[in-house]
Number of protein chains: 2
Amino acid sequence: MTEARWLDEREARLWRSYRGLRVRLDGALWRRLVRDSGLSGPEFELLVPLSEAPGGLLRARDLGRLVGWERSRISHQVGRMEKRGLVVREECFEDARGSMVRLTEAGRAAIVAAAPSHVESVRSLFFDALTDDELTVLTAAFERVLAGLPKPED
Amino acid sequence: MTEARWLDEREARLWRSYRGLRVRLDGALWRRLVRDSGLSGPEFELLVPLSEAPGGLLRARDLGRLVGWERSRISHQVGRMEKRGLVVREECFEDARGSMVRLTEAGRAAIVAAAPSHVESVRSLFFDALTDDELTVLTAAFERVLAGLPKPED
DNA sequence: TAACCGTTAATGATGTGTCAACATCCCGGT
DNA sequence: ACCGGGATGTTGACACATCATTAACGGTTA
């Protein structure tokens, strides 16, 4: 258990700003989303792929893969959204184990109303503060960090 | 609601990588922390400033300011950590409204055991993938975005 | 056919975070 | 001395995320 590889001053500063960004940017986006559209972050995340699917219909398994969630999380979230009338569950004919998730009219109306405002928030809070060169550097750096991350099982 | 200011291809790519980073990097750090030390992320965040305070003693208000949390969140989290024996609540003599939070011996042992491994995770998963130039650019970009963020009430 | 294994979902328990009351206390002006 | 507004914490209700367990189903193999 050595003291080696501690963070130096510059590294600590970057880490603080990253933590701050993660908390404050996402917090601001979440609050604006709720305020402007009445949708929560997780609701928005599920509605996007559903709204892009033919008939607003996706199998729960595929929905989970599209957003990178596990089955249990999908199941709980779809349950809450079903109670709110945004989606309905239907049985899956190809595979009796599966279940289908279908966007309701209310759900489609909600995502259509929410998307433009949300994109505008992302642009004004994030992209408007970046230069074009920074956009390039950040993309390369983020993708390299992502590529080096261990699989979910670690 | 116009279609203007939609994200172009390069912007969408950066946004995807940022979202991925946010989820996968923080997820990996959380899982390693729990696995290596038995501490959760929020527990770790409160234990750090407490371990640096004289006597391991901080007023709840000050603890909240140090980590940037609101009162309710502090209260709930301290309550859970008190049940786990990591901290104890004491009354505040200077101000009868306040309450003090004190690190227990078990709490101090936990943070001392957890910190080196956590820093090593941050370094190996994040900093080792960045060049020195990127470190500079990211810090400047993050701090500029942070400075432009609205206050919590917006 | 029967035993078995992997996939898919649902569910309950637990930890976490936010919000809206609520109670209490401090402090300044009157 | 009093009063009223701001500060401080706690609590309960709810939404969210993860984990372990359970159940049902499909396909493979004995």
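Reminder, nothing fancy here: chain letters follow the sequence lines and each chain counts from 1. Everything numeric in this text was worked out from a predicted model, so none of it was measured.
Annotation: side chain of B:Leu146 is in contact with side chain of A:Ser17 (closest heavy-atom distance under 4.5 Å). When side chains are defined from C-beta on, B:Leu33 does not count as touching B:Leu29, because their heavy atoms never get closer than 4.5 Å.
Scanning residues 60-67 of chain B for heavy-atom distances under 4.0 Å to DNA chain C yields an empty list. Near DNA chain D, defined here as any heavy-atom distance below 4.0 Å, there are no residues from residues 43-53 of chain A. In the region residues 72-98 of chain A, proximity to DNA chain C at under 4.0 angstrom, judged on heavy atoms, holds for A:Ser72, A:Ser75, A:His76, A:Arg89, A:Arg97, A:Gly98.
Look at CH2 on B:Trp69: it is 17 Å from C1' on C:dC19, rounded to the nearest Å. Protein atom CZ of A:Arg24 is 14 Å distant from nucleotide atom P of C:dT18, rounded to whole Å. Computed from coordinates, the A:Arg31 CZ to C:dT18 C1' distance equals 11 Å when rounded to whole Å. Between B:Leu39 atom CG and C:dT16 atom P there is a gap of 10 Å when expressed in whole angstrom units.
Residues forming a side chain to side chain contact (heavy atoms under 4.5 Å, CB included) with A:Ala53 (at least two apart in sequence, or on another chain): A:Leu58. Every side chain to side chain contact (heavy atoms under 4.5 Å, CB included) that B:Asp133 has, sequence neighbours left out, goes to B:Thr131. Evaluation of the side chain to side chain contact (heavy atoms under 4.5 Å, CB included) rule for A:Val34 yields A:Trp30 as partners, not counting sequence neighbours. For B:Trp15, the ring-ring contact (aromatic ring centres under 6.0 Å, His included) criterion is met by A:Phe126, B:Tyr18, not counting sequence neighbours. Scored by the side-chain hydrogen bond (donor to acceptor under 3.5 Å, both in side chains) test, A:Arg102 finds A:Glu90 as partners (sequence neighbours excluded). Under the side chain to side chain contact (heavy atoms under 4.5 Å, CB included) criterion, B:Thr139 pairs with A:Arg13, A:Leu14, B:Leu135, B:Glu143, not counting sequence neighbours. Qualifying ring-ring contact (aromatic ring centres under 6.0 Å, His included) partners for A:His118, counting only residues two or more places apart in sequence or in other chains: A:Phe44.
A residue-by-residue look at A:Pro42 and A:Arg71 shows that A:Pro42 has its nearest nucleotide of DNA chain D further toward the 5' end.
Here side-chain hydrogen bond (donor to acceptor under 3.5 Å, both in side chains) pairs that include residues 46-60 of chain A, with residues two or more places apart or in two chains, are A:Arg59-A:Asp95. Listed by first and then second residue, the salt bridge (Lys or Arg N to Asp or Glu O under 4.0 Å) pairs involving residues 66-81 of chain B amount to none (not counting sequence neighbours).
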